[in-house]
Amino acid sequence: MKNINNYLAKVLNVPLQSVNTCSLHYEVKKIPKNQFLLQYGEICRHIFFVEKGLLKMYSIDKNGKEHIIQFAPESWLISDRSSLYFNEKSNYYIEAVEDSEVLFLHPDFFNKLVE
């Protein structure tokens, strides 16, 4: 998990010894192109870190038009924070644009880093 380790060490200044223990707080999944990580009406349960690939977050209006909110390339985080932290149904979709390797971070992941 090269990208997550670099992200934690360089971007967040997490000590190297702590970076290794962080792997206990996420699950790695291979996500095929066009598979959803989150769909409209679901409650988001994870923060997604893109180790490899590309994800997008979008909504669909009443006319069926897609509105992209965010792309998440490699070494990027993506989630519906309102749904995740307030246990609300999501208004968005998160989908793999290409075959991807994604880390499913638990909502308390960053709190565990502090500990």
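Being a predicted model, the structure only gives us computed values, none of them experimental. FYI, the numbering just counts along the sequence from 1.
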* To do: Give the C-alpha distance, both sets of side-chain angles, the deciding distance and a yes or no for side chain to side chain donor-acceptor pair (under 3.5 Å) between N91 and S59.
  => CA-CA 7 Å; N91 293 317; S59 64; over 6 Å; no
* Start with the C-alpha distance between E88 and R81, add both sets of side-chain angles, then the distance that settles salt bridge (Lys or Arg N to Asp or Glu O under 4.0 Å), and finish with yes or no. => CA-CA 9 Å; E88 299 172 348; R81 294 186 307 174; over 6 Å; no
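Atom CG of residue L54 and atom CD of residue E95 lie 10.5 Å apart, to the nearest 0.5 angstrom. Between atom CG of residue L84 and atom CG of residue L105 there is a gap of 10.0 Å, rounded to the nearest 0.5 Å. Atoms CD1 and OG, on I94 and S79 in that order, are 5.5 Å from each other to the nearest 0.5 Å. If you take CG on N3 and CH2 on W76, they are separated by 13.0 Å, rounding to the nearest 0.5 Å.
Contact of the V102 side chain with the K29 side chain is not registered, since no non-hydrogen atoms from C-beta on lie closer than 4.5 Å. Within the 4.5 Å cutoff, no side-chain heavy atoms of E74 are placed close to those of E101. Looking only at side-chain heavy atoms (C-beta outward), P32 and N34 stay at 4.5 Å or farther from each other. At least one side-chain heavy atom of H67 sits under 4.5 Å from a side-chain heavy atom of K65. The shortest distance between side-chain heavy atoms of V97 and K33 does not fall below 4.5 Å. With a 4.5 Å cut-off on side-chain heavy atoms, Q70 and I78 count as touching. In this structure, the side chains of F49 and Y7 come closer than 4.5 Å at one or more pairs of heavy atoms. Two residues are said to be in side-chain contact when any heavy atoms from C-beta on lie closer than 4.5 Å; N87 and R45 meet this criterion.
The pair E66-K56 meets the salt-bridge criterion, with a side-chain N (NZ, NE, NH1 or NH2) lying under 4.0 Å from an Asp/Glu carboxylate O.
In terms of heavy atoms, Q39 sits closest to Y93 at CA-CD2, 3.8 Å. Taking each heavy atom of L37 and E42 in turn, the nearest pair found is O-OE1, 4.5 Å. The two residues G41 and K89 make their nearest non-hydrogen contact at O-CG, 3.4 Å. Shortest non-hydrogen contact noted between C44 and S83 is N-OG, 2.7 Å. G53 approaches S100 most closely through the heavy-atom pair CA-OG, 3.5 Å.
A side-chain contact (heavy atoms from CB on, under 4.5 Å) with V50 holds for exactly one of I31, I4, L77, L55; it is L55.
By the 30° and 60° cut-offs, the orientation of the rings of H46 relative to F104 is perpendicular.
Counting heavy-atom neighbours within 6.0 Å of Y40 OH, excluding the residue itself, gives a total of 12 or less. Annotation: K52, atom NZ; neighbour count of heavy atoms from other residues, nucleotides and ligands within 6.0 Å does not exceed 12.
Taking the six-membered ring for Trp and the full ring otherwise, the centers of Y92 and Y58 sit at least 6.0 Å from each other.
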